[in-house]
Undergrad: 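My structure is below; once you've seen it, I'll send some questions.
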Amino acid sequence: LALGIAIERGFALRRRRIIRPEIVSVIENIQGPEDIGLALTVCRQHEGPFSEVMRAGLDNRHLPLDEIRESILDQGRQEMGVLQKGLVVLETVAGVSPLLGLLGTVLGMIKVFQQVSEVGVGHANLLAGGISEAVLTTAAGLFIAIPSLVFYNLFSSRAESLILEIEKYANSLLKKLRG
């Protein structure tokens with residue numbers, strides 16, 4: 001599950017896929033009301049969080065500046081969910097995997113102690129096999145948790161960076177709409 005989410009987020013959170021250069025170019029080159037139509041057309045051609053936030057501002061350009069800002073913020077909050085999709089699952093897998101491994105170890109150790117009570121401590125091969133089986137679950141849990149945590153941190157950071165960049169362009173759009 002974590003691997004699937006990591007692969008999907010790796011493709012989905014590429015900067016060029018979110019912050020479309022075509023939209024950036026048209027937003028940066030808005031000189032006046034005559035350029036708004038072109039900006040809207042380009043935003044409609046490229047779906048995604050960035051274009052949706054820009055469209056929220058462009059579609060509401062006739063409203064007072066505070067209301068435009070509010071519509072951009074509302075759309076931005078909704079698009080944050082798109083950028084952060086799946087990250088809660090990665091975080092959960094990273095947190096739960098070691099606990100499941102520890103649970104397996106505890107259950108394995110209970111099994112070893114039951115064997116000791118039945119056959120005594122003289123059979124080292126039974127004890128060693130049971131202990132290695134028990135500790136294997138902890139290793140498996142850590143094997144899953146460590147990469148999941150790394151991917152969670154990587155993609156959380158990337159999503160946050162993209163959100164900040166979208167905010168930068170949204171502020172630039174607001175200044176152009178105001179002026």
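For the numbers below, each heavy atom of this structure counts, side chains included, while hydrogens, waters and symmetry mates do not.
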Undergrad: Please say yes or no: joined through hydrophobic side-chain contacts below 4.5 Å, possibly via intermediate residues, are Leu107 and Leu136 part of one cluster?
TA: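 No, it is not one cluster - the side chains of Leu107 and Leu136 are not joined through contacts under 4.5 Å.
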
Undergrad: Working to the nearest 0.5 angstrom, can you tell me the gap between Glu47 CD and Arg20 CZ?
TA: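 Here the interatomic distance stands at 10.0 Å.
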
Undergrad: Tell me the closest heavy-atom pair linking Glu67 and Leu63, and the distance in Å.
TA: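 Where Glu67 meets Leu63 most closely, the heavy atoms are OE1-CD2, 3.7 Å.
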
Undergrad: Taking all non-hydrogen atoms of both residues into account, name the closest pair between Leu177 and Leu58 and its distance.
TA: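 Reported closest heavy-atom pair: CD2-CD2, 4.5 Å.
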
Undergrad: Can you find a pair of side-chain heavy atoms, one from Leu83 and one from Ile166, that are under 4.5 Å apart?
TA: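 Touching, per the 4.5 Å side-chain cut-off.
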
Undergrad: Verify, without hydrogens or angle tests, whether Ser25 (side chain) and Glu22 (backbone) share a donor-acceptor contact under 3.5 angstrom.
TA: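 Absent.
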
Undergrad: Are any of the side-chain heavy atoms of Ile163 and Gln84 separated by less than 4.5 Å?
TA: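 Yes, at least one pair of side-chain atoms sits under 4.5 Å.
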
Undergrad: Does Ser157 offer a backbone N or O that forms a donor-acceptor pair with the side chain of Ser161 under 3.5 Å?
TA: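 No; judged by distance alone, with no hydrogens or angles, the pair does not exist.
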
Undergrad: Which atom names give the shortest non-hydrogen contact between Thr137 and Gly104, and what distance separates them?
TA: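 Closest approach of Thr137 to Gly104, heavy atoms only: OG1-C, 3.1 Å.
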
Undergrad: Do you know which two heavy atoms are closest between Thr105 and Val135, and how far apart they sit?
TA: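 In this case the closest contact between Thr105 and Val135 is OG1-CA, 4.1 Å.
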
Undergrad: Report yes if the side chains of Lys85 and Glu8 come closer than 4.5 Å at any heavy-atom pair, otherwise no.
TA: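 Result yes, sub-4.5 Å side-chain heavy-atom pair found.
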
Undergrad: Applying a strict under-4.5 Å side-chain criterion to I, L, V, M, F, W and Y, I'd like to know whether Leu87 and Leu1 cluster together.
TA: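 Leu87 clusters together with Leu1.
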
Undergrad: Taking the side chain as C-beta and beyond, is there a heavy-atom pair between Arg69 and Leu73 under 4.5 Å?
TA: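 They are in side-chain contact.
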
Undergrad: Transitively linked via ILVMFWY side-chain contacts under 4.5 Å: Phe11 with Leu3?
TA: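 Yes, Phe11 connects to Leu3 through the hydrophobic network.
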
Undergrad: Please report the shortest heavy-atom distance between Leu142 and Pro98, naming the atom on each side.
TA: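 That closest heavy-atom pairing would be CD2-CB, 4.2 Å.
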
Undergrad: Taking all non-hydrogen atoms of both residues into account, name the closest pair between Cys43 and Ile23 and its distance.
TA: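 Distance-wise, the nearest heavy atoms are SG-CG2, 3.9 Å.
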
Undergrad: Charged N to carboxylate O below 4.0 Å: is that the case for Lys176 and Glu28?
TA: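 No salt bridge links Lys176 with Glu28.
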
Undergrad: Are Ile68 and Leu173 side-chain neighbours, meaning at least one heavy-atom pair lies under 4.5 Å?
TA: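 Answer no - side chains too far apart.
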
Undergrad: Assigning hydrophobic clusters by single linkage (Ile, Leu, Val, Met, Phe, Trp, Tyr; side-chain heavy-atom cutoff under 4.5 Å), is Val88 placed with Leu149?
TA: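 Unlinked, Val88 and Leu149 end up in two clusters.
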
Undergrad: What I'd like to find out is whether the side chain of Arg158 reaches to under 4.5 Å of the side chain of Arg15, using heavy atoms alone.
TA: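 In short, these two side chains do not touch, never coming nearer than 4.5 Å.
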
Undergrad: Quick check on the hydrophobic clustering: are Ile27 and Leu65 connected, directly or via other members, by side-chain heavy-atom contacts under 4.5 Å?
TA: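 Looking at the clustering, Leu65 is in the same group as Ile27.
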
Undergrad: Using side-chain heavy atoms (C-beta onward) and a distance below 4.5 Å, is Gln78 in contact with Glu52?
TA: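 No, too far: nothing below the 4.5 Å cut-off.
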
Undergrad: State, yes or no, whether a side-chain contact exists between Leu38 and Asp35 at a heavy-atom distance under 4.5 Å.
TA: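 Leu38 does not reach Asp35 side chain to side chain.
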
